[in-house]
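Note that the coordinates shown come from a computational prediction; the quantities given were computed from them, not determined experimentally. Order of appearance sets the numbers: ligands from 1, and atoms from 1 within every ligand.
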Amino acid sequence: MSFTRGFRRRDRGPRDARLPPGQYDVGSDWPVLTAEPTPRLATDTWTFTVEGLVEQHKTWTWDEMHALPPSTFQGDIHCVTTWSKLGVSFGGVSVDTLLALARPLPSATHVLAVGHTGYTTNLPLADVTDGKAWVVWSYDGRPLPVEHGGPARLLVPHLYFWKSAKWVAGLQLLDHDEPGFWEQNGYHDRGDPWLEQRYQGD
Ligand SMILES: Nc1nc2c(c(=O)[nH]1)N[C@H]1C(S)=C(S)[C@@H](COP(=O)(O)O)O[C@H]1N2
Ligand SMILES: [Mo]
C-alpha cells in the first residue's frame with residue numbers, strides 16, 4: 001500500500017476546518033454573481049456616503065478615501081450558493097474609520113448598504129463595527145476587478161457574501177431593520193454561514 005502525501009480532492013479527503021457547513025472550497029476560481037448589469041464607474045466622479053442617523057453626514061471622494069488609514073482583510077469568503085474561497089486578501093478602509101468620522105447617533109441600530117446600481121443589503125450595525133467590515137478596492141494587491149465590484153465594494157466576510165455589496169455607494173444608518181434586495185427575495189436577514197442562515201426561517 002502506498003499513499004501520495006498531501007493528495008487532496010475537492011470532494012474527498014479531509015475537510016478544511018475553515019469551511020462552514022454545506023460549503024465547498026472553490027480553489028483558485030472566483031465565481032461572479034451579479035443580479036444587475038455591471039456598471040462602469042469612473043473613480044474621478046466616484047463617491048462614498050455615510051448618512052441617516054449620524055451626527056455628521058459624510059461623503060468621500062476616491063482620493064479622500066485613499067487618504068484615510070488603510071486596512072486589510074485576510075481570510076475567507078462564503079457564498080450562499082455553497083462556494084467558499086479560502087485565504088483571500090483585500091485592501092481598503094475599515095468601516096470603523098468611516099463611522100468614527102460620521103458618528104452614528106445612539107438611536108442607530110442597523111445599516112442599509114446601497115450600491116451605485118441600486119443594489120441594497122441590510123445589516124445590524126454591530127455586524128459592520130469592531131473590525132468586521134471594510135470598503136475595499138484591492139484584491140491580492142491589485143485593483144478590484146469591475147465584475148467583482150470595482151472600483152470598490154463592501155466586504156463583510158463573516159456573513160454570506162451577498163452582504164458584501166459590489167459597487168457600494170454608501171451606508172444609511174437606521175433605527176430599524178430594512179430588508180435589502182436578496183433579503184426581500186427569501187434570503188435570511190442576517191446570513192451567518194456558520195449557522196447556515198441561508199433562507200428566511202433558517
Ligand atoms: N451590487 C451587487 N452586489 C452584490 C451582488 C449583486 O448582485 N449586486 N451579489 C451578491 C452576491 S449574491 C454575492 S455571492 C457576491 C458575489 O461577489 P463576486 O461576484 O465578486 O463573487 O456579491 C454580492 N454583492
Ligand atoms: Mo451569493
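Remark: aromatic rings of Trp137 and Phe90 are distant, center separation not under 6.0 Å. Checked against the 6.0 Å centroid criterion, the rings of Trp162 and Tyr187 qualify as a close aromatic pair.
Here Leu19 is tied into one hydrophobic group with Leu86, each link being a pair of ILVMFWY side chains closer than 4.5 Å.
For residues 41-50, the side-chain hydrogen bond (donor to acceptor under 3.5 Å, both in side chains) pairs, not counting sequence neighbours, are Thr49-Thr59. Legend: side-chain hydrogen bond (donor to acceptor under 3.5 Å, both in side chains) pairs involving residues 144-159, not counting sequence neighbours, sorted by first then second residue: Asp127-His158.
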Contact table, ligand 1 N/O with protein N/O, distance under 3.5 Å:
residue: ligand 1; atom: 1 (N); partner: Glu36; partner atom: OE2; Å: 2.8
residue: ligand 1; atom: 1 (N); partner: Lys166; partner atom: O; Å: 3.2
residue: ligand 1; atom: 3 (N); partner: Lys166; partner atom: N; Å: 2.9
residue: ligand 1; atom: 7 (O); partner: Ala35; partner atom: N; Å: 2.7
residue: ligand 1; atom: 7 (O); partner: Glu36; partner atom: OE1; Å: 3.4
residue: ligand 1; atom: 8 (N); partner: Glu36; partner atom: OE1; Å: 2.9
residue: ligand 1; atom: 8 (N); partner: Glu36; partner atom: OE2; Å: 3.2
residue: ligand 1; atom: 9 (N); partner: Leu33; partner atom: O; Å: 3.2
residue: ligand 1; atom: 17 (O); partner: Arg153; partner atom: NH2; Å: 3.2
residue: ligand 1; atom: 19 (O); partner: Leu33; partner atom: N; Å: 2.9
residue: ligand 1; atom: 19 (O); partner: Lys166; partner atom: NZ; Å: 2.5
residue: ligand 1; atom: 20 (O); partner: His148; partner atom: ND1; Å: 2.6
residue: ligand 1; atom: 20 (O); partner: Arg153; partner atom: NH1; Å: 2.8
residue: ligand 1; atom: 21 (O); partner: Trp30; partner atom: NE1; Å: 3.1
residue: ligand 1; atom: 21 (O); partner: Pro31; partner atom: O; Å: 2.7
residue: ligand 1; atom: 22 (O); partner: Arg153; partner atom: NH2; Å: 3.2
residue: ligand 1; atom: 24 (N); partner: Ser164; partner atom: O; Å: 3.1

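Ring orientation note: the planes of Trp60 and Phe48 are tilted relative to one another, at an angle of 30° to 60°.
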